[in-house]
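Below, read A as the first sequence line, B as the second, and so on, with proteins coming before strands; counting in each chain starts at 1. Heavy atoms only: backbone and side chains are in, while hydrogens, waters and symmetry mates are out.
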Amino acid sequence: MQHGLRLPREFYARPTLLVARDLLGTTLVHDVDGERRAGRIVETEAYVGPDDRASHARVGRKGRAAIMYGPPGVAYVYVIYGMHHCFNAVTERDGYPGAVLVRAIQPEQPGARGSGPALVCQALGIDRACNGLDLVSSGLFVEDGPAVPDAEVRMGPRVGVDYAGGWASRPWRLWLADSAHVSRGRKSGTAYDAAMLR
DNA sequence: GGATCGATCGGCT
DNA sequence: GCCGATCGATCCG
């Protein structure tokens, strides 16, 4: 991958697990009134399909996550616990629900913290007003970066979805092994194995 | 380091 | 009414 180029829609229009893997090492950028706020993505989670009991899409295409059923390359931002925001990039083809939650970044701004999905939004100034923004044509987007080798990737169960039965144990959380910015709750994780991501 | 708890409210049941 | 894709403070060991 090259460096500093905005990711095109085709990047998002792929299986969610691949998008979650390839977003590691890229940079999430938000232009706020001409001011660049950005950070390197070091941790992601995949939410895939209408049957994933951990995904907001489980309630159907008329619920809160209707946007997950729409075209890829769009921001899905929601409020959680009445006080925090979470940022997702919509994936998959139009009509099939999928999204990648950005769980942690290494902020470009010194002193900013991005270890956790709500802190990511706080550091980049992302809130509900960003819901539905087009990542291909708006001030909220992702820049590509140097390729991350499989050996630097770890995977493990998603966080905070224990209610989802067997879906909770799937290793759909991915992070960079050497990053000090990965959010809390991380366990040791296992080596990246693309064959296990389903 | 790990476990527990309060804050706070939109959206689904 | 209930509960959550969270965080920070606090307590315990």
**Proximal nucleotide (of C/dG4, C/dG8, C/dA5) relative to the A/Leu119 side chain** = C/dG8
**Fill in**
Rounded to whole Å, CD of A/Glu43 lies from P of C/dA5 at a distance of 16 Å
**Asked** Nearest to the side chain of A/Val159, which nucleotide is it out of C/dT6, B/dT13, B/dA7?
**Response** C/dT6
**Item:** Under 5.5 Å and under 30°: A/Tyr47 stacked on C/dA5
**Value:** yes
**Complete:** Of all heavy-atom pairs linking A/Leu101 and A/Phe87, the shortest is CD1-O, 3.5 Å
**Complete:** To the nearest angstrom, the NE2-P distance between A/His85 and B/dC9 comes to 12 Å
**Request:** Quickly work out the A/Arg113 CZ to C/dC7 P distance and round it to whole Å.
**Result:** 10 Å
**Prompt:** Expressed in angstrom and rounded to an integer, what is the separation of A/Leu101 atom CG from C/dA5 atom P?
**Reply:** 10 Å
**Asked** Quick one: the side chain of A/Tyr81 and the base of B/dA7, do they pair up donor-acceptor inside 3.5 Å?
**Response** no
**Asked** Which part of the nucleic acid, if any, lies within reach of A/Val161 when heavy atoms closer than 4.0 Å are counted: base, sugar-phosphate only, or nothing?
**Response** sugar-phosphate
**Message:** Tell me the interatomic distance from A/Gln122, atom CD, to C/dT6, atom P, rounded to whole angstroms.
**Reply:** 15 Å
**Item:** Closest listed nucleotide, where the reference is the side chain of A/Met68 and the choices are C/dG8, C/dA5, B/dA7
**Value:** C/dA5
**Prompt:** Starting at CZ of A/Arg53 and ending at P of C/dA5, how long is that distance when rounded to a whole Å?
**Reply:** 12 Å
**Message:** Would you measure the distance from the C1' atom in C/dG8 across to the matching atom in B/dG10 and give it in whole Å?
**Reply:** 22 Å
**Prompt:** Between A/Arg61 and A/Ala66, which heavy-atom pair has the shortest distance, and what is it?
**Reply:** O-CB, 3.0 Å
**Request:** Could you check whether A/Arg58 gets within reach of a base, just the sugar-phosphate, or nothing at all, counting any heavy atom under 4.0 Å?
**Result:** nothing
**Asked** For A/Arg128 and B/dG10, what is the distance between atoms CZ and C1' respectively, to the nearest whole Å?
**Response** 8 Å
**Message:** A side-chain contact here means heavy atoms from C-beta on lying under 4.5 Å apart; do A/Asp150 and A/Arg21 qualify?
**Reply:** yes
**Message:** Can you tell me which nucleotide in C/dC7, B/dC12, C/dG4 comes closest to the side chain of A/Val59?
**Reply:** B/dC12
**Request:** Consider the side chain of A/Arg103, meaning its heavy atoms from C-beta on, and name the nucleotide among C/dG4, C/dA5, C/dG8 that approaches it most closely.
**Result:** C/dA5
**Request:** Measure across A/Trp167 and A/Ala54 and return the closest heavy-atom pair with its distance rounded to 0.1 Å.
**Result:** CB-N, 4.5 Å
**Request:** Mind listing the closest non-hydrogen atom pair of A/Tyr69 and A/Asp94 along with its distance?
**Result:** O-OD1, 3.4 Å
**Fill in**
Taking C/dG8, C/dT6, C/dA5 as options, the one with an atom nearest any side-chain atom of A/His56 is C/dA5
**Request:** Just call it for A/Ala118: base, sugar-phosphate, or nothing, with non-hydrogen atoms closer than 4.0 Å on any strand.
**Result:** sugar-phosphate
**Message:** Taking A/Leu18 as the starting point, is it possible to reach A/Met68 by hopping between hydrophobic residues whose side chains are less than 4.5 Å apart?
**Reply:** no
**Fill in**
A/Tyr78 atom OH is separated from C/dT6 atom P, nearest whole Å, by 6 Å
**C/dA5 - base-pair partner by Watson-Crick or wobble geometry, distances under 3.5 Å** = none
**Minimum-distance nucleotide (side-chain atoms of A/Arg64 versus C/dG8, B/dG10, B/dC12)** = B/dC12
**Prompt:** Which part of the nucleic acid does A/Tyr163 contact within heavy-atom distance under 4.0 Å: base, sugar-phosphate only, or nothing?
**Reply:** sugar-phosphate
